[in-house]
There are 2 protein chains.
Amino acid sequence: MGDIRQNQQDSSGSPELRWGVERRLEFLEFRLFWEGRFNRKDIVEFFGVSNPQASADIHRYQDLAPNNIRYDGSQKFFVRGDDFKPILITPDANRYLAQLRSISDGVLAPRETWVAKTPAFDAVPLPRRTVDPKRLLSILEAIHTGSAIQVQYQSMTRPEPTWRWITPHALGFDGFRWHARAYCHLDKIFKDFLIPRILGTRKTKPHDIDASNDHAWQQTITFKIGPNPNLTPTQQTVVELDYGMKNGVLEIETRLAFSYYLRKRLGLDVDPSLRDASDQHIVLLNSDEIDVSQQSVLEGDSNA
Amino acid sequence: MGDIRQNQQDSSGSPELRWGVERRLEFLEFRLFWEGRFNRKDIVEFFGVSNPQASADIHRYQDLAPNNIRYDGSQKFFVRGDDFKPILITPDANRYLAQLRSISDGVLAPRETWVAKTPAFDAVPLPRRTVDPKRLLSILEAIHTGSAIQVQYQSMTRPEPTWRWITPHALGFDGFRWHARAYCHLDKIFKDFLIPRILGTRKTKPHDIDASNDHAWQQTITFKIGPNPNLTPTQQTVVELDYGMKNGVLEIETRLAFSYYLRKRLGLDVDPSLRDASDQHIVLLNSDEIDVSQQSVLEGDSNA
DNA sequence: TTTGGTACATTAAGTTTCTTAACTGGTCAA
DNA sequence: TTGACCAGTTAAGAAACTTAATGTACCAAA
């Protein structure tokens, strides 16, 4: 009693399966949905189970959803039934595509994903430096324990990397790179420290920095964007659809500390008049507001 | 015989574990590395196994790597041993960070990842329309079976979405959005079709389009980038480190069809003189070459 | 100092999952 | 028609896993 599986069984009413079995059935259903077919061999190889076990799994799935699966004797594989309805997974396009991206980013090996018939695909390459996991770990530990940590950081301003104490309290992804949001005990302000520029870490120590004083991190700002007015009315409508705008406006809320990056990422850092509208579909509607807020951040010199 | 697990056992020599057991031991080691600790309860809850089983797993891991793990009676959890060395996983910073991104992208629920002590973190938000999995599936099926498919596409040029036949042969991610690389039977050229702008699909049919004729997709181009010369020498050195440049140059090869996107993504689509060097760290060294190639693509009007 | 709570440990009996081993059947291509 | 391939099956036994009950160490609150 008090066992989580027991609870699940109680609440759902369906016969509870063991974790491994459930993964295999989900795998099978995933393949059925996205690829329309699978072989018993797929299960045997992916999970390292025996033939009889794979057969048993397939039967089990057949019992759960008789219409979802059919064996095609001439093609020699199991195929999606005509009125297939997933019962274990909720197919998610973004999730499927994220798996492809993980492959192209080198984060996952094709064999680790459930995708078998990878479509021909490619992604715009992004140069990226590898990060030593132990270095990232030091930062994470400092965040978790709330300590200051001494890091050797290569800043843009000093030719040689320097050792300094920082108190990291969060990680941030600017769309390109990861950085640690931290209080710099050298410059006495909160800044972003790019993880790959942290060349080494030494000891940690307690401190009395309160992350809630990192205003640029805690406070948010709302970008109001609209279609580029230099586009034709038709094009503007399409852009509105693309971005899910309402009445020609999309509001995007983000941390003040991300304002600079978001602007850059959306191409809003360049005067629209300098670019062809077909190259820059959206414009910033409240640039005055954003400018002011961004200025207030820059006064804290947020770019390390 | 011919069984993959058998083979693994033969080749590695170590006692082969079942898939589920191995996942749990990896989970445990993952937690030890990245978070320094775990509770037996974590295993019980994540995998839905019983207390004795979780204890057995922990002991099994202890047998495999006695120095990696220690129980802290007063803190009431298992902690990383002093000379911890992972034996089942190879810690990968990018992989860890990719999990965080998946969470913030909504692709994975926090409970689905192995990260328990999520550090405070955030990412620059990107507006994105959700894609109906069935629509993506139709495209994938057309790619796999090599068929033409009739799609209702919202182009930038026509106010109303139109039905047209396309022959998709690959998916592409431009750093922002996914599109299908396809031959358009209406315009008689290969183009990019943004997946979210495909509003519906109808039937499929055979065709005689050869993807190898999609030159902009098949051919590649090499970007040569260097540090922005308007930066100070020190800054230029840092940028070289950031991008892993050799002798001040980084070569990035990409498909011709991605040339436009890559340029935009790297901020190389705007004249560097219009921007402060601190806002644009890199410049394109072979823009003449790129311009010419890009022009040749545009003649095929690659922007749908 | 006792009391209670929590988290881990362990044992025993029994169930489910899974393996090995040996065998059958259908389809297709050489 | 033979072989290759992929599926299916059965039976015996091993491994993994469960429930149930009980014990122990540590800490914090009464």
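As the structure is a computational prediction, the values presented were derived from the model and not from experiment. Below, each value reflects all heavy atoms present in this structure, side chains not excepted, and no hydrogens, waters or symmetry copies. Letters A, B, ... are given to chains in the order of the sequence lines, protein chains preceding strands, and every chain is numbered from 1.
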query = If you check every side-chain atom of B:S50, which of C:dC18, D:dT18, C:dC8 has the closest atom?
reply = D:dT18
message = In whole Å, I'd like the distance from the CZ atom of A:F78 to the P atom of C:dT27.
response = 14 Å
ask   = Closest nucleotide of DNA chain C for A:A54 versus for B:Q62: which of these residues is on the 5' side?
value = B:Q62
task = Identify, with sequence neighbours excluded, every residue that meets side chain to side chain donor-acceptor pair (under 3.5 Å) alongside B:T118.
result = none
key: All side chain to side chain donor-acceptor pair (under 3.5 Å) counterparts of A:Y61, not counting sequence neighbours   = A:E29, A:N68
key: Whether B:W178 and B:F173 hold their rings parallel, tilted or perpendicular, with breakpoints at 30° and 60°   = tilted
N/O (side chain, A:N39) to phosphate O (OP1/OP2, D:dA7) under 4.0 Å = yes
request  = Summarise protein proximity over nucleotides 23-30 of chain D in one line of letters, 5' to 3': B for base, S for sugar-phosphate only, - for none, counting protein heavy atoms closer than 4.0 Å.
outcome  = ---BS---
B:I43 CD1 - D:dC17 P separation (whole Å) = 12 Å
query = Within less than 4.0 Å of OP1 or OP2 of C:dT17, is there a side-chain N or O belonging to A:R60?
reply = yes
query = With no hydrogens and no angle check, is any side-chain donor or acceptor of A:D63 less than 3.5 Å from a backbone partner on A:R60?
reply = no
ask   = By salt bridge (charged side-chain N to carboxylate O under 4.0 Å, His left out), which residues pair with B:D82, not counting sequence neighbours?
value = B:R70
note = When the rotation axes relating C1' atoms of four end pairs to the next four are compared across the helix from C:dT1-D:dA30 to C:dA30-D:dT1, five pairs an end, they differ to 10° by 30°
message = Below 4.0 angstrom, which residues in residues 24-37 of chain B have at least one non-hydrogen atom near DNA chain D?
response = B:R24
task = Describe the nucleic acid contact of B:Y71 in one word from base, sugar-phosphate, nothing, applying a heavy-atom distance below 4.0 Å.
result = sugar-phosphate
Contacts of type salt bridge (charged side-chain N to carboxylate O under 4.0 Å, His left out), residue A:R37, not counting sequence neighbours = none
inquiry  = Check the phosphate of D:dG8 against A:S55, side-chain N and O only, distance under 4.0 Å to OP1 or OP2. Yes or no?
reply    = yes
message = Whole angstroms only, please: what is the CZ-P distance between A:R70 and D:dA7?
response = 15 Å
note = Sorted by chain and number, sequence neighbours left out, salt bridge (charged side-chain N to carboxylate O under 4.0 Å, His left out) with B:R40 holds for none
remark   = With sequence neighbours left out, the residues meeting side chain to side chain donor-acceptor pair (under 3.5 Å) with A:D92 are none
query = Strictly by modelled atom types, are B:S138 and B:T201 linked by a side-chain donor-acceptor pair under 3.5 Å?
reply = yes
key: Separation of D:dA16 P from B:N51 CG (nearest whole Å)   = 18 Å
message = It should be established whether A:H59 places a side-chain nitrogen or oxygen under 4.0 Å from OP1 or OP2 of nucleotide D:dT9.
response = yes
message = Expressed as a whole number of angstroms, how long is the span from B:W19:CH2 to C:dT19:P?
response = 13 Å
ask   = Residues two or more places apart in sequence or in another chain: which of them pass side chain to side chain contact (heavy atoms under 4.5 Å, CB included) with A:E26?
value = A:E22, A:R23, A:L88, A:I89, A:W114
inquiry  = Rounded to whole Å, please give me the gap between NZ in A:K41 and C1' in D:dA4.
reply    = 12 Å
key: A:I58 side chain, from C-beta outward: closest of D:dG8, D:dA20, C:dA9   = D:dG8
inquiry  = Output the rounded distance in Å from CZ (B:R18) to P (C:dC18).
reply    = 7 Å
inquiry  = How many whole angstroms separate atom CD1 of A:I69 from atom P of D:dA7?
reply    = 11 Å
ask   = Residues two or more places apart in sequence or in another chain: which of them pass side chain to side chain contact (heavy atoms under 4.5 Å, CB included) with B:H185?
value = B:A148, B:W165, B:T167, B:Y183, B:H207, B:I209
query = Does B:H144 have any side chain to side chain donor-acceptor pair (under 3.5 Å) partners at least two apart in sequence or in another chain, and if so, which?
reply = none
Whether B:E112 side chain and B:A109 backbone form a donor-acceptor pair below 3.5 Å = yes
message = Measuring from the side chain of B:Q53 (C-beta onward, heavy atoms only), which nucleotide among D:dG8, D:dT18, C:dT17 has the closest atom?
response = D:dT18
ask   = For D:dG8, does OP1 or OP2 lie under 4.0 Å from any side-chain N or O of A:R40?
value = yes
